[in-house]
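Please read the structure below before turning to the comments.
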Amino acid sequence: MFITIEGMDGSGKSTQAKLFAEFLREQFGADKVVLTREPGGTAIGEQIRDIVHSMRNQEMSSRAEFLLYNAARAQVVAQVIRPALAEGKIVLSDRYGDSTMVYQGYGRLLDLEMVTRVIDYATGGLKPDVTFYIDVPIGEGLARRSNGHARGEELNRMDTQTREFYERVHRGYETLMQQEPARWIKIDGTRSIERVQSELREQFTERLQTLETV
Ligand code: ADP
Ligand code: TYD
């Protein structure tokens with residue numbers, strides 16, 4: 001089973017992904033669960049992450065950015081996700097192709113059909129079975145990121161976009177959810193970390209009953 005977590009910057013994805021991986025390990029066994037993230041998840045992907053997120057790379061073109069995210073994705077799919085799924089494991093990814101649809105497609109205004117085709121090429125058509133969307137208002141996500149920054153958490157190049165950009169990204173997520181309601185589970189991310197996590201676990205357990213395989 002392939003599960004992804006999506007949401008705006010600062011929505012709490014990374015926090016929730018770690019806790020949810022713990023839950024999955026308790027439920028299905030520690031050796032059955034693989035937690036990964038994008039961009040990253042492999043040595044090559046983490047190197048690409050450094051390039052694409054470096055504050056020094058302000059001159060990066062939208063097309064270069066788009067291709068780098070997909071290069072990292074192609075690597076993690078080939079090296080981590082597909083092999084794990086072939087062994088019957090559960091893969092949980094903090095971001096995946098939907099992030100490129102909304103940040104590069106809707107956010108950077110790249111052609112959506114082309115974006116879809118390239119994501120398909122990078123992944124060989126591998127789609128998540130379930131995608132959680134952690135929903136927070138744009139301002140709250142940005143405030144959490146800047147509070148986190150004040151406490152020493154790192155900001156990256158994608159944290160420095162315009163308000164209009166994040167609004168397009170947010171609308172992009174809403175559009176994707178409307179297009180494929182059966183895959184998405186929307187979670188209110190404005191509550192405490194514990195509340196959000198228990199909602200995620202409940203919703204997942206419910207969804208599990210409708211999915212055929214684990
Ligand atoms: P993301 O991966 O979506 O950017 P993180 O999990 O890194 O989000 O969280 C961003 C910041 O918000 C961190 O400082 C984190 O401690 C804080 N945070 C996460 N979840 C919550 C929550 N439910 N309420 C308040 N702050 C949160
Ligand atoms: P990260 O530090 O992981 O932020 P977050 O915790 O918000 O996920 O950085 C990921 C950033 O990269 C985030 O701003 C979204 C962006 N991104 C894209 O623009 N396109 C993509 O395909 C992916 C995977 C991420």
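Both backbone and side-chain heavy atoms feed into the values below; hydrogens, waters and symmetry mates do not. Indexing begins at 1, ligand by ligand and atom by atom, following the structure's order.
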NZ/NE/NH1/NH2 to OD/OE distance under 4.0 Å, E199 and R195: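 R195 and E199: not salt-bridged.
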Can you tell whether the side chains of R201 and E22 come within less than 4.0 Å, N to carboxylate O? no
Take T4 and T131 through the side-chain hydrogen bond (donor to acceptor under 3.5 Å, both in side chains) test and state the conclusion after the steps. CA-CA 5 Å; T4 59; T131 301; 2.8 Å; yes
Going by the order shown, which atoms of ligand 1 are within less than 4.0 Å of some heavy atom of [X]?
{"X": "S11", "answer": "3 (O)"}
{"X": "E153", "answer": "13 (C), 14 (O)"}
{"X": "R145", "answer": "4 (O)"}
{"X": "T15", "answer": "5 (P), 6 (O), 9 (O), 19 (C)"}
{"X": "R151", "answer": "14 (O), 16 (O)"}

Mind checking whether Y96 and F2 have parallel, tilted or perpendicular rings, split at 30° and 60°? perpendicular
Tell me whether the rings of Y133 and W184 are parallel (<30°), tilted (30 to 60°) or perpendicular (>60°).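 Y133 and W184: perpendicular rings.
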Got a second to check how far L24's CG is from I90's CD1, nearest 0.5 Å? 5.5 Å
For [atom], find the nearest protein heavy atom and state the residue, atom name and distance (0.1 Å precision).
{"atom": "atom 23 (N) of ligand 1", "result": "R191 O, 2.8 Å"}
{"atom": "atom 18 (N) of ligand 1", "result": "R144 CD, 4.0 Å"}
{"atom": "atom 3 (O) of ligand 1", "result": "K13 NZ, 2.6 Å"}
{"atom": "atom 4 (O) of ligand 1", "result": "G10 N, 2.9 Å"}
{"atom": "atom 20 (N) of ligand 1", "result": "I193 CG1, 3.5 Å"}
{"atom": "atom 8 (O) of ligand 2", "result": "R95 NE, 2.7 Å"}
{"atom": "atom 12 (O) of ligand 2", "result": "Y69 OH, 3.0 Å"}
{"atom": "atom 2 (O) of ligand 1", "result": "S14 OG, 2.5 Å"}
{"atom": "atom 3 (O) of ligand 2", "result": "R49 NH2, 3.0 Å"}
{"atom": "atom 4 (O) of ligand 2", "result": "R145 NH1, 3.7 Å"}
{"atom": "atom 13 (C) of ligand 2", "result": "D9 OD2, 3.2 Å"}

Checking contacts here: is it the side chain or the backbone of N156 that comes within 4.0 Å of ligand 2, counting heavy atoms only? Could be both or neither. side chain
Work out which heavy atom in [X] is nearest to a heavy atom in [Y]; give both atom names and the distance.
{"X": "Y69", "Y": "P39", "answer": "CE2-CG, 3.5 Å"}
{"X": "M1", "Y": "L85", "answer": "O-CD2, 3.5 Å"}
{"X": "H170", "Y": "V136", "answer": "NE2-O, 4.0 Å"}
{"X": "Q104", "Y": "R108", "answer": "O-CB, 3.2 Å"}
{"X": "V102", "Y": "G172", "answer": "CG1-C, 3.4 Å"}

Would you call R73 a ligand 2 contact, heavy-atom distance under 4.0 Å?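 Checking ligand 2 against R73, which is what was asked, there is a heavy-atom contact under 4.0 Å.
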Does ligand 2 have any atom that is closer than 4.0 Å to a heavy atom of R37?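 R37: no contact with ligand 2 (<4.0 Å).
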For the 3.5 Å polar cut-off, considering only N or O atoms, please tell me whether G12 and ligand 1 meet it.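 For ligand 1, there is an N or O atom that lies under 3.5 Å from one belonging to G12.
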Sole residue of K127, K13, R183 in salt bridge (Lys or Arg N to Asp or Glu O under 4.0 Å) with D98: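 Option passing the salt bridge (Lys or Arg N to Asp or Glu O under 4.0 Å) with D98: R183.
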Regarding Y173 and E6, do their side chains bring together a donor and an acceptor under 3.5 Å, going by distance alone? yes
Report the part of Q16 (side chain from C-beta onward, or backbone N, CA, C, O) that has a heavy atom under 4.0 Å from ligand 1; answer both or neither where that applies.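 Within the 4.0 Å criterion, Q16 makes no contact with ligand 1.
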Between M8 and ligand 1, find which residue part has any heavy-atom pair under 4.0 Å and reply side chain, backbone, both or neither.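 Backbone only.
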Does any non-hydrogen side-chain atom of D188 lie less than 4.5 Å from one of D135?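 D135 vs D188: side chains apart.
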Under the criterion side chain to side chain donor-acceptor pair (under 3.5 Å), which of R168, R95, Q161 is the partner of Y103?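 So the option named by the test is R95.
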N/O donor-acceptor pair under 3.5 Å between D9 side chain and D159 backbone: no
Got an N/O contact under 3.5 Å between H53 and ligand 2?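 For ligand 2, there is an N or O atom that lies under 3.5 Å from one belonging to H53.
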Any N/O pair E38/ligand 2 closer than 3.5 Å: no
Which of the ligand 2 atoms, numbered from 1, are nearer than 4.0 Å to a heavy atom of [X]:
{"X": "Q104", "result": "18 (C), 19 (O), 20 (N), 21 (C), 22 (O)"}
{"X": "T100", "result": "21 (C), 22 (O)"}
{"X": "K13", "result": "5 (P), 7 (O), 8 (O)"}

